[in-house]
Amino acid sequence: MINSGEIMEERQLLELKGSVEEIIYRNENNGYSVLNVLCDGINTTAVGNMSDVSVGDELRLVGNWKNHPSYGEQFSFEYYEQFMPSTGESVLKYLSSGTIKGIGRATAKRLVDAFGENTLEVMRDEPMRLVEIKGISEAKAMALSEEVRKSFGMREVMVYLEKFKISAREAVRVWKALGTGAVALIEENPYILCSNNIDIPFDRADMIAASFDKPEDDAFRIRAGIYYIISYNCGNGHTCLPREKLIKVCADYLKLPNELIEDILAQMLIDGTLICDTIDNREFVFIPEMYRSETYAADRLLMLLKFPPQSIPGGRLALEAFEKQQGISYATLQRQAITEALSNGLLILTGGPGTGKTTTLNAIISLFMQSGLKVLLAAPTGRAAQRMSQVTGQDAKTIHRLLEVEWDKNDRPVFKRNDRNLLDCDALIIDELSMVDVSLFEGVMRALPPGCRLIMVGDSDQLPSVGAGNVLGDLIASGKIPVVQLTEIFRQSMKSLIVTNAHKIVHGEMPEIRRTDSDFFFMTCDSRERISSVIVELCSVRLPKTYGFSSFENIQVLCPGRKGALGVTELNKALQSALNPQDKSKPQLVLPNYTFRVGDKVMQTKNNYELLWIKSDGSEGAGVYNGDIGIVEHIDKLSKSAIIRYDDRRVVYDTESLQNVELAYATTVHKSQGNEFDAVIMPMYYGSPRLYYRNLLYTAVTRAKKMLILVGNAPTLRKMVENNKKTLRYSGLRAFLERE
């Protein structure tokens, strides 16, 4: 919905008026619609989000023209007004479209013949007049009246929500969750907007409540606040929080007494809104979804241990024959891992760079396939899956693609492959397990067939997943799952200073930084300004000129954090100015956090399962994921949209979806997980101990394939190596496994 003030502020926006002739496409879950609208006798394709739409509806659309790479010119609307049909002809079209249940074309014509342009009002307000029409009983008249009231009701709810700046996409969720009683429910409890099916942020619901003069100690507010705090911490990686800590944080945030928080929390535990469990003699509070994910994964793994697949006969002889065939002699730990995979079928294979994980994994895959097993390979990200395919020579998919992700009516990912539709395989191999969060791991375990072998590969010294949970760490710490940790660095890898220094860092030793004849370099700089200018020079001039590296394809700057002169935000601006400066011939799009230009290197920062992509061969699909890196190919300033290319996929972004894209010349170490880059550059200067610690440094170093350059001062490097503070994550998977 729109108001005149908003239109006046957007003077570049255009306006179209017309009636809906055809609904080409509509996503009932989020309201995204593609419409054929008749405007001044011309058929126009219009796209955007709206609460509801029917053939015959009259619309006022405000937006701009854009050119879709596949579908041509479209009018992309940002705001809209929707009117009930006002002419006899449009009412007939509306009723004949099947929008109102129980009315076909013949009945629609009889109604319009009788009541003309007032037909819908009569149906809504004077239902007994409908009995005058042949074939309509009193019961049917009341049923038809209720259907029209629902249609009118949605529009009334939309108008009401508009004053709280609730977008059309959000309003669809409100309507689906609350229906015709939405207004009354919101006025009684504004915090209902924070519920799982609507997901309006707590602070916005708090502002709406304040406009109703709701008291700060309102029970609805406290419930929503508690749920918000624990949900927010799930976003920071925790699956649960200690009960006493949750109470204190909530009391501080809501500015209310601890006792009041404790009372409401107790009610939420009784009614199942939250779940409490005791771990290591301490009470922890979970969101039910997180609790389910961790308990299910633990139970399923314990079942695999209790009922393992049959041992592959002749495994030892097959391994010896494979060694002769390949001309390889596996080290003791490698042989142990291969034998474990062949005999028991449940294994975690871990180890640092250069320790032979790939060689070991290739042997396991080959021996599985020789034994007639159907093997599937997967990794958490597209780049990790692509790399897995390259090193194994076998097809690997993202875990989401393997599980055939879709989204439910609340726009949440669901997997078609699950406990009712199992994967078709005898062995599943998951790489980069350190990146897998507990919800995704639950999805894997649900889809795993009975008797299937499960081989999990990862580096336990890397950072944990971006999402909630500490899957790899908890599995290893439980002592329940067979683990083989490769520790021997092979001779060919010893030549790489990146590899040897990575192992030194893991063991708390200062890396070798004086050598200049290998692939690991340290450049001493003593000020933030100098470090920044050196990084920009390395990316824009020195590395491309000396080594032929592409500033966009081969070089990646990794930062411990986002803030400050050497954080992601400021370095991205400096690098953009040097590598892709402003040019009158180059379109750009100014957004609140970044200015995007054609040619910019960018990253998706949040999973979006709906974004459609098209490849050069014409194949299409959906889904762009957190950490995907691409290049801006096209910008439409009028519609504030862009086309971004991710490898061979091209994706059209509207203004809203661009909010989850940022410049990627520099990115955080956390966001780099699962990726590898030919050259990695990292600033090394004084910063928060919360960000400057050992396994963050180790993760950054192991992202580099051919060259690593640290720019800064040695004391900071030493402090990072010595700071062995692991990222604290509250989780329950380890305890649930140990609870057997």
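Just so you know, these numbers come straight off a predicted model, no measurement behind them. We number each residue from 1, following the sequence as shown. Side chains included, hydrogens not; waters and symmetry mates left out as well; all remaining heavy atoms used.
Nearest heavy atoms, A337 versus L349: CB-CD1, 3.9 Å. Of all heavy-atom pairs spanning I287 and S231, the tightest one is CD1-OG, 3.4 Å. Smallest separation of non-hydrogen atoms from L403 and G443: CD1-C, 3.7 Å. D519 and K706 get closest at one heavy-atom pair: CB-O, 3.1 Å. For S731 against T239, the heavy-atom pair with the smallest separation is CA-OG1, 3.1 Å. Taking all atoms of both residues into account, the shortest heavy-atom contact from Y665 to G599 is OH-O, 4.1 Å.
Expressed to the nearest 0.5 Å, how far CZ of R734 lies from CG of D474 amounts to 7.0 Å. Summarising the geometry, atom CG belonging to L305 is positioned 4.5 Å from atom CD1 belonging to I481; distances are rounded to the nearest 0.5 Å. Taken from CD in Q462 to CD in Q673, the straight-line distance is 6.5 Å, to the nearest 0.5 Å. To the nearest 0.5 angstrom, T355 atom OG1 is 8.0 Å from I489 atom CD1. How far CD of E676 is from OG1 of T702: 8.0 Å, rounded to the nearest 0.5 Å. Of the inter-residue distances, the one linking R649 atom CZ with S616 atom OG reads 12.5 Å to the nearest 0.5 angstrom.
E294 places a side-chain N or O within 3.5 Å of a backbone atom of G732 that can act as its donor or acceptor partner. T350 places a side-chain N or O within donor-acceptor distance of the main-chain N or O of S460, the cut-off being under 3.5 Å. Not a single donor-acceptor pair under 3.5 Å links the side chain of R300 to the backbone N or O of E442. No donor-acceptor pair under 3.5 Å is formed between the side chain of R703 and the backbone N or O of V680. Although no hydrogens or angles enter the test, the distance criterion places a donor-acceptor pair under 3.5 Å between the side chain of S496 and the main chain of I498. T392 places a side-chain N or O within donor-acceptor distance of the main-chain N or O of Q394, the cut-off being under 3.5 Å. A donor-acceptor pair is defined here as one N or O able to donate and one able to accept, closer than 3.5 Å; no such pair exists between the side chain of T339 and the backbone of Q336. With hydrogens and angles ignored, the 3.5 Å screen pairs no side-chain donor or acceptor of N344 with any backbone N or O of E340. At distances below 3.5 Å, not a single donor-acceptor pair connects side-chain atoms of N660 with backbone N or O atoms of Q604. A donor-acceptor pair is defined here as one N or O able to donate and one able to accept, closer than 3.5 Å; no such pair exists between the side chain of R650 and the backbone of I614.
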Checklist entry - Can M290 and C234 be said to form a side chain to side chain contact (heavy atoms under 4.5 Å, CB included), step by step? => result CA-CA 9 Å; M290 291 290 104; C234 285; 3.8 Å; yes
Next on the checklist: Go through it in stages, so that I can follow the logic: the residues are M445 and L304, the test is side chain to side chain contact (heavy atoms under 4.5 Å, CB included), and I'd like the CA-CA distance, side-chain angles, deciding distance and then a yes or no.
Outcome noted: CA-CA 10 Å; M445 298 310 298; L304 283 175; 3.8 Å; yes
Item to check | From CA spacing to verdict: side chain to side chain contact (heavy atoms under 4.5 Å, CB included), L612, V652 | outcome: CA-CA 7 Å; L612 301 176; V652 178; over 6 Å; no
Checklist entry - Going through the checks in order, is the side chain to side chain contact (heavy atoms under 4.5 Å, CB included) test met by K480 and L301? => result CA-CA 9 Å; K480 295 289 184 179; L301 284 167; over 6 Å; no
Item to check | Y594/D600 under side chain to side chain donor-acceptor pair (under 3.5 Å): CA gap, chis, key distance, verdict | outcome: CA-CA 11 Å; Y594 286 109; D600 272 334; over 6 Å; no
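The 12-atom threshold is not exceeded at CG of D424, counting heavy atoms of other residues, nucleotides or ligands nearer than 6.0 Å. Environment of CD in Q325: crowded, with over 12 heavy atoms of neighbouring residues, nucleotides or ligands closer than 6.0 Å. Enclosure of atom NZ in K705 by more than 12 non-hydrogen atoms of other residues, nucleotides or ligands within 6.0 angstrom is indicated.
Between the side chains of Y698 and D459, at least one donor-acceptor pair of N or O atoms lies under 3.5 Å. Judged purely by distance below 3.5 Å, without hydrogens or angles, the side chains of D654 and S657 pair a donor atom with an acceptor atom.
For the pair E662 and K671, the salt-bridge criterion is not met [side-chain N within less than 4.0 Å of a carboxylate O]. Taking 4.0 Å as the cut-off between side-chain N and carboxylate O, K374 and D426 do not count as a salt-bridged pair.
By the 30° and 60° cut-offs, the orientation of the rings of F736 relative to Y291 is perpendicular.
Looking only at side-chain heavy atoms (C-beta outward), M720 and L696 come within less than 4.5 Å of each other. Considering only heavy atoms from C-beta on, L486 comes within 4.5 Å of V484 through its side chain. Side-chain contact between D678 and Y547 is absent, with no heavy atoms from C-beta onward closer than 4.5 Å. L658 places a side-chain heavy atom less than 4.5 Å from the side chain of L589. For the pair L463/H670, a side-chain contact is recorded, criterion being any heavy-atom separation below 4.5 Å from C-beta on. Using a 4.5 Å heavy-atom cutoff, the side chains of I505 and R694 are in contact. The shortest side-chain heavy-atom distance between Q485 and I348 does not fall under the 4.5 Å cut-off. With contacts defined as side-chain heavy-atom distances shorter than 4.5 Å, the pair L579/F552 qualifies.
The only option from Q576, E553, Q556 that meets the side-chain hydrogen bond (donor to acceptor under 3.5 Å, both in side chains) definition with K601 turns out to be Q556.
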